[in-house]
Amino acid sequence: MKRFIKFSIISLSFFLCSTPASSQGKADSLTDELTTKMLNNFKNFKIGFYADTYVNLELDHNTDTTNIVPFFANCPMTGHIRLNVAAIEMFYDAEKVRGKIQLQFGDAPNLLASPEKQWIKNIRQAAVGFRISKKMWVDVGYMFTPVGCESAWPVINIISSASVCAYFEPGAVLGMKFSYKFSEKLDAGFMVGNPYSVAYQHSNILSGILFINYMPLKNLTISYNNLFGNQALRNATLKSNLLYNDILIVYDPHDNINITGQFDFGFQTNSQMAPDTNKIASMCSGWLQCRYRFLHNFSIAGRYEYYYDPNGFLSGPYTYEGKTTGLTTNGTSVSLEYKPVKIAYIRMEYKYLQSNKGNKVFYSNTSDYMNLLIFTTGVRF
């Protein structure tokens with residue numbers, strides 16, 4: 001009997017001592033499993049930072065009364081060292097879900113941002129996407145239109161400053177995007193949204209955007225993009241139906257050579273100048289750009305551009321000596337870039353722009369042309 005009691009006490013003691021150890025082991029395994037899942041999720045996240053500073057120098061007209069350069073999508077202030085952009089980027093890219101948010105600060109976000117539009121200026125993009133099938137995605141949020149390839153962020157451009165064409169192109173929309181990849185050579189999609197209803201408070205009518213990208217060769221891409229819809233103000237009695245078209249060709253004949261060309265043309269109803277205000281107005285613009293990379297860290301690039309909006313339905317009217325016209329410009333840019341490391345760049349750019357004679361749109365409406373020397377330096381990682 002004594003042996004049985006002694007054996008029972010020993011067995012119970014062993015059980016009581018072993019139970020917490022077993023429970024603790026199970027808890028450790030659950031914690032490890034949760035940590036593993038969290039780490040796996042974080043593998044799909046990417047966080048980046050971008051900063052760009054610039055100096056924009058006038059080469060003549062030093063008596064200019066304003067230091068704001070018209071039609072500039074970036075580097076818009078002259079005579080001072082300025083911050084173009086300081087930004088943080090967050091991306092999530094998984095098998096069935098993706099998302100992006102880009103927050104920006106500096107001179108570039110302030111462009112075209114009147115007081116009632118200030119809330120949107122610091123949001124560059126904010127969207128989430130879902131994979132519907134193996135080749136189809138749906139994205140919802142605040143997104144860029146595919147029209148044009150130039151950016152307010154100099155790091156994305158071959159030449160830091162963007163063309164006048166880019167300044168008047170459709171920007172971001174708040175809406176939905178459907179994209180489908182037919183093959184390695186062809187993808188296309190459709191967007192529906194409104195850049196005005198929330199962000200700009202101009203209209204409550206949705207616009208449509210179509211985009212097609214075709215790559216017949218590994219070094220050649222041809223893209224067609226458009227935007228269409230009523231662009232009239234909310235309380236307007238007449239519709240202003242816009243069809244804006246964009247054709248982009250990117251060709252890399254050599255590892256160190258890039259040639260890019262773009263042609264835009266658009267039509268809008270009820271938009272001609274008086275006396276035929278009910279007629280269709282048209283515009284066109286474009287540019288041709290070439291870059292040559294040499295000595296591994298250096299490249300040189302040149303661009304010719306033009307913009308032609310005779311009725312001013314996008315650019316607005318300009319009056320000089322009793323004559324009112326839309327905007328016409330042409331110009332050239334030459335840029336030298338040095339990349340000390342992959343994530344950073346230093347650029348020097350000369351830019352010349354000329355408007356149609358008599359409009360005097362530059363240097364506080366005192367000149368038909370301008371000459372600028374622009375230095376930009378940035379890092380993005």
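- The backbone N or O of Phe265 sits less than 3.5 Å from a side-chain atom of Asn245, completing a donor-acceptor pair.
- With hydrogens and angles disregarded, no donor-acceptor distance shorter than 3.5 Å links the side chain of Thr221 to the backbone of Val250.
- For Asn157 (side chain) and Ser151 (main-chain N/O), a donor-acceptor pair under 3.5 Å exists by modelled atom type.
- Of all heavy-atom pairs spanning Ser355 and Phe362, the tightest one is N-CE1, 3.8 Å.
- Looking at heavy atoms from C-beta onward, Ser179 lies out of side-chain contact with Met136 at the 4.5 angstrom threshold.
- Looking only at side-chain heavy atoms (C-beta outward), Pro76 and Asn84 come within less than 4.5 Å of each other.
- Tyr304 has its ring centre no less than 6.0 Å from the ring centre of Trp287.
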Fill in: Intermediate values then yes/no, ring-ring contact (aromatic ring centres under 6.0 Å, His included), Phe178 and Phe190
CA-CA 5 Å; Phe178 301 86; Phe190 180 79; 7.3 Å; no
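- Gln268 and Ser282 are not linked by any side-chain donor-acceptor pair at a separation below 3.5 angstrom, with hydrogens and angles left out of the test.
- The ring of Phe381 has its center closer than 6.0 angstrom to the ring center of Phe49.
- The closest side-chain donor-acceptor pair between Tyr345 and Asp52 falls under 3.5 angstrom.
- In the displayed structure, Ile81 atom CD1 is contacted under 6.0 Å by at most 12 heavy atoms of other residues, nucleotides or ligands.
- For the 3.5 Å distance criterion, the side chains of Thr260 and Asn258 qualify, holding a donor opposite an acceptor.
- A donor atom on one side chain and an acceptor atom on the other are not found under 3.5 Å apart for Arg291 and Ser299.
- The two residues Phe72 and Cys75 have their closest heavy-atom pair at CD2-O, 3.4 Å.
- Side chain of Glu349 to backbone of Ser335: no donor-acceptor contact under 3.5 angstrom is found.
- Using a 3.5 Å distance cut-off with no hydrogens or angles, the side chains of Asp93 and Asn44 do not pair a donor with an acceptor.
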Discussion item. Between Arg98 and Asp139, does the salt bridge (Lys or Arg N to Asp or Glu O under 4.0 Å) criterion hold? Intermediate values first, please.
Written reply: CA-CA 8 Å; Arg98 65 188 181 188; Asp139 297 272; 2.6 Å; yes
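- Aromatic ring centres of Phe168 and Tyr307: separated by under 6.0 Å.
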Worksheet item: Should Asn311 and Ser271 be marked as a side-chain contact (heavy atoms from CB on, under 4.5 Å) after you check the CA-CA gap, both sets of side-chain angles, and the distance that decides it?
Response: CA-CA 7 Å; Asn311 286 280; Ser271 299; over 6 Å; no
Worksheet item: Would Glu89 and Arg380 count as a salt bridge (Lys or Arg N to Asp or Glu O under 4.0 Å) if you check the C-alpha gap in whole Å, the side-chain angles of each, and the deciding distance to 0.1 Å?
Response: CA-CA 10 Å; Glu89 308 172 78; Arg380 187 187 191 192; 2.6 Å; yes
Discussion item. Run Phe91 and Phe45 through ring-ring contact (aromatic ring centres under 6.0 Å, His included) and show every step you take.
Written reply: CA-CA 6 Å; Phe91 300 90; Phe45 278 98; over 10 Å; no
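- Between the side chains of Asn226 and Tyr244, no donor-acceptor pair of N or O atoms lies under 3.5 Å.
- Expressed to the nearest 0.5 Å, how far OH of Tyr338 lies from OG1 of Thr377 amounts to 11.0 Å.
- Taking 4.5 Å as the limit, every side-chain heavy atom of Val341 sits out of range of all side-chain heavy atoms of Lys339.
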Worksheet item: Which is it for Tyr350 and Tyr352 under the ring-ring contact (aromatic ring centres under 6.0 Å, His included) test, yes or no, and what are the steps along the way?
Response: CA-CA 7 Å; Tyr350 167 74; Tyr352 171 82; 7.2 Å; no
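- Side chain to side chain, Thr329 and Gln354 fail the donor-acceptor criterion of an N or O pair below 3.5 Å.
- One N or O on the side chain of Asn230 and one on the backbone of Ser240 form a donor-acceptor pair closer than 3.5 Å.
- Shortest non-hydrogen contact noted between Ala108 and Ala152 is CB-O, 4.0 Å.
- Heavy atoms only, all atoms of each residue included: Tyr363 and Asp60 are closest at OH-OD1, 2.8 Å.
- Here the closest non-hydrogen pair linking Ile158 and Ala301 is CG2-CB, 3.7 Å.
- A 4.5 Å side-chain heavy-atom check between Asn278 and Leu238 finds at least one atom pair inside the cut-off.
- Heavy-atom contacts from other residues, nucleotides or ligands closer than 6.0 Å to OH of Tyr306 number more than 12.
- Residues in residues 301-315 take part in these salt bridge (Lys or Arg N to Asp or Glu O under 4.0 Å) pairs, two or more places apart or across chains: Glu150-Arg303, Arg303-Glu305, Glu305-Lys351.
- Checked by atom type, the side-chain pair Ser223/Asn213 shows a donor-acceptor distance below 3.5 Å.
- A donor-acceptor pair is defined here as one N or O able to donate and one able to accept, closer than 3.5 Å; such a pair exists between the side chain of Arg347 and the backbone of Pro154.
- In this structure, Arg82 and Val55 have side chains that are not in contact, with every pair of non-hydrogen atoms separated by 4.5 Å or more.
- Scanning all heavy atoms of the two residues, the minimum distance from Phe313 to Ala281 falls at CD2-CB, 3.6 Å.
- Going from atom CD1 of Ile247 over to atom CD1 of Ile222 covers 9.5 Å, rounded to the nearest 0.5 Å.
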